[in-house]
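Residue numbers begin at 1 in each chain, while the letters A, B, ... track the order of the sequences. What you see is a predicted model, and the numbers here were worked out from it, not measured in a lab.
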Number of protein chains: 2
Amino acid sequence: MDIQLKRGLLDVCVLAAIKDGESYGYRIIKDLKPCIELSESTLYTILKRLEAAGSLTVRSDEHNGRLRKYYRITASGLRRIEDFKTEWKEVISVYDFVTREDGHE
Amino acid sequence: MDIQLKRGLLDVCVLAAIKDGESYGYRIIKDLKPCIELSESTLYTILKRLEAAGSLTVRSDEHNGRLRKYYRITASGLRRIEDFKTEWKEVISVYDFVTREDGHE
DNA sequence: CGGAATACATCATATCACGAAGTATTCGGT
DNA sequence: ACCGAATACTTCGTGATATGATGTATTCCG
């Protein structure tokens, strides 16, 4: 998918990936793979950004002697998904403008 | 609208604004206003980018003693709009993922 | 006469996706 | 027992991009 189009979707995709329960980085990437592809460097940047914004919380835990960071969505993060849905109406109207058959007369 | 969402739409909006006939910068902004807002600096950056990409051609003309640059969409630009429509199917499937009621079980 | 509108241009800045590279552990196959 | 793949997270540099600020110059309207 075009990188510019992805920009508006990635953050909210990551939030959607954890909205039904805690998850961690590597698994988020795999869960999102059928939906949208993103690299590790991209994901961890996004997770940090979302944490800084208060959209999710982090908890470090040991899993088989290996560190894992579990991410959980917050109320603010859920709200962000709702805001996205609201904004989507605008996006659709832009899409309609772009794909309309004939012009502004 | 969220700036990240706009990023995927602006180029194609500008192309859509000239797809039914030549237009110029200031008018494009006004024509797009009901659809999507963009500043002059943004528009002229986009027009330059689209020209470099061969999506449109420019023609300078004098209008009431004042310079005007008229932009016309090319076949490649029209194709770009078609590509956008194709990609939109992916976008919709991402949207469905984000807004699905319940999780990946 | 003056300010708003028209019209285009340049620059600096902030945000962001991504590849590359690194560290460290576990697991499966032979 | 060994080795490569998979797991898991981190940091750094780069390139693309939207935007505000600022500038220049002309026309139109009250």
Side-chain angles (χ1 to χ4, degrees), chain A residues 1-15 17-18 22-33 35-53 55-71 80 87 90-91 94, chain B residues 1-15 17-18 22-33 35-53 55-71 80 87 90-91 94:
Chain A
M1 188 187 306
D2 172 61
I3 183 181
Q4 302 306 324
L5 272 172
K6 278 173 93 164
R7 281 177 112 100
L9 303 170
L10 279 175
D11 280 32
V12 89
C13 276
V14 171
L15 288 175
I18 59 170
E22 226 172 36
S23 187
Y24 56 93
Y26 215 72
R27 197 181 117 184
I28 293 172
I29 291 177
K30 286 185 146 191
D31 288 346
L32 287 180
K33 201 152 215 159
C35 168
I36 197 165
E37 298 236 22
L38 76 174
S39 69
E40 293 178 62
S41 56
T42 302
L43 200 239
Y44 291 111
T45 312
I46 291 171
L47 287 169
K48 236 163 217 164
R49 184 164 63 235
L50 291 174
E51 190 196 355
S55 302
L56 51 78
T57 54
V58 196
R59 166 176 83 82
S60 278
D61 208 348
E62 201 153 311
H63 177 81
N64 282 12
R66 188 160 30 191
L67 178 79
R68 243 193 214 166
K69 286 185 159 188
Y70 291 92
Y71 299 89
R80 179 111 175 235
E87 269 207 307
E90 284 178 63
V91 172
V94 172
Chain B
M1 187 185 309
D2 173 62
I3 182 184
Q4 303 306 322
L5 272 172
K6 277 173 94 164
R7 281 177 114 100
L9 303 171
L10 279 175
D11 280 31
V12 89
C13 276
V14 171
L15 288 175
I18 59 170
E22 226 172 36
S23 187
Y24 55 92
Y26 215 73
R27 197 181 117 182
I28 292 171
I29 291 178
K30 286 184 148 193
D31 286 346
L32 287 179
K33 200 151 216 161
C35 169
I36 198 166
E37 297 236 22
L38 76 173
S39 68
E40 293 176 63
S41 56
T42 301
L43 199 241
Y44 291 110
T45 312
I46 292 171
L47 287 170
K48 236 164 217 164
R49 182 163 65 237
L50 291 175
E51 189 195 355
S55 302
L56 51 79
T57 55
V58 197
R59 165 176 85 83
S60 278
D61 208 349
E62 201 153 310
H63 177 83
N64 282 10
R66 187 157 34 186
L67 178 79
R68 243 193 213 167
K69 286 183 159 189
Y70 291 93
Y71 299 89
R80 177 111 175 237
E87 269 207 307
E90 284 178 63
V91 172
V94 172

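Where A/Met1 and B/Thr45 each meet DNA chain C at their nearest nucleotide, the meeting point lying more 5' is that of B/Thr45. Two residues, B/Gly8 and A/Tyr24, neighbour DNA chain D, and the one matched to the more 5' nucleotide by heavy-atom proximity is A/Tyr24.
Between A/Leu43 and A/Leu32, the closest side-chain pair of non-hydrogen atoms is not below 4.5 Å. With contacts defined as side-chain heavy-atom distances shorter than 4.5 Å, the pair A/Tyr70/A/His63 qualifies. Contact of the A/Asp11 side chain with the B/Gln4 side chain is not registered, since no non-hydrogen atoms from C-beta on lie closer than 4.5 Å. Side-chain contact between B/Glu90 and A/Leu5 is absent, with no heavy atoms from C-beta onward closer than 4.5 Å.
In this entry the distance linking CZ of A/Arg68 with P of D/dT10 reads 14 Å, nearest Å. Rounding to whole angstrom units, CG of residue A/Leu67 and C1' of D/dT10 are separated by 11 Å. One interatomic measurement links the two molecules: CD of B/Glu40 to C1' of C/dA9, which rounds to 10 Å at whole-angstrom precision. Straight-line distance from the NE2 atom of B/His63 to the P atom of D/dC28: 8 Å, rounded to whole Å. Look at CG on A/Asp11: it is 11 Å from C1' on C/dT15, rounded to the nearest Å. Taking atom CG of residue B/Leu10 and atom P of nucleotide D/dA16, one finds them 18 Å apart after rounding to whole Å. The separation between B/Glu62 atom CD and C/dA7 atom C1' is 13 Å, rounded to whole Å. As rounded to whole Å, 13 Å separates atom P of D/dT17 from atom CD of B/Gln4.
In this structure, B/Arg7 does not reach the D/dT17 phosphate: none of its side-chain N or O atoms is under 4.0 Å from OP1 or OP2. Side-chain N/O atoms of B/Lys6 include none lying less than 4.0 angstrom from OP1 or OP2 on D/dT17. Within the 4.0 Å cut-off from OP1 or OP2 of C/dC18, at least one side-chain nitrogen or oxygen of A/Thr42 is found. At the phosphate of D/dT7, neither OP1 nor OP2 sits under 4.0 Å from any side-chain N or O atom of A/Arg27. Considering only side-chain N and O atoms, A/Tyr44 lies under 4.0 angstrom from the phosphate OP1 or OP2 of D/dC9.
For a distance-only test at 3.5 Å, the side chain of A/Ser41 qualifies as a donor-acceptor partner of the base of C/dG19.
Side-chain proximity of A/Tyr26 to C/dC8, D/dT7, D/dT11: nearest is D/dT7. Counting only heavy atoms from C-beta on, A/Lys48 has its side chain closest to D/dT11 among D/dT11, D/dT7, C/dC16. With C/dA17, C/dT6, D/dT11 as the choices, the nucleotide that has an atom nearest any side-chain atom of A/Ile3 turns out to be C/dA17. Set against D/dT7, C/dA17, C/dC8, the side chain of B/Lys69 has C/dC8 as its closest nucleotide. Set against C/dC18, C/dA9, D/dT7, the side chain of A/Ser39 has C/dC18 as its closest nucleotide.
In this structure, B/Glu51 contributes its side chain and B/Val58 its backbone to no donor-acceptor pair below 3.5 Å.
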Kindly indicate, with the supporting measurements, whether the criterion side chain to side chain contact (heavy atoms under 4.5 Å, CB included) is fulfilled by B/Ile28 and B/Leu47.
CA-CA 10 Å; B/Ile28 292 171; B/Leu47 287 170; 4.2 Å; yes

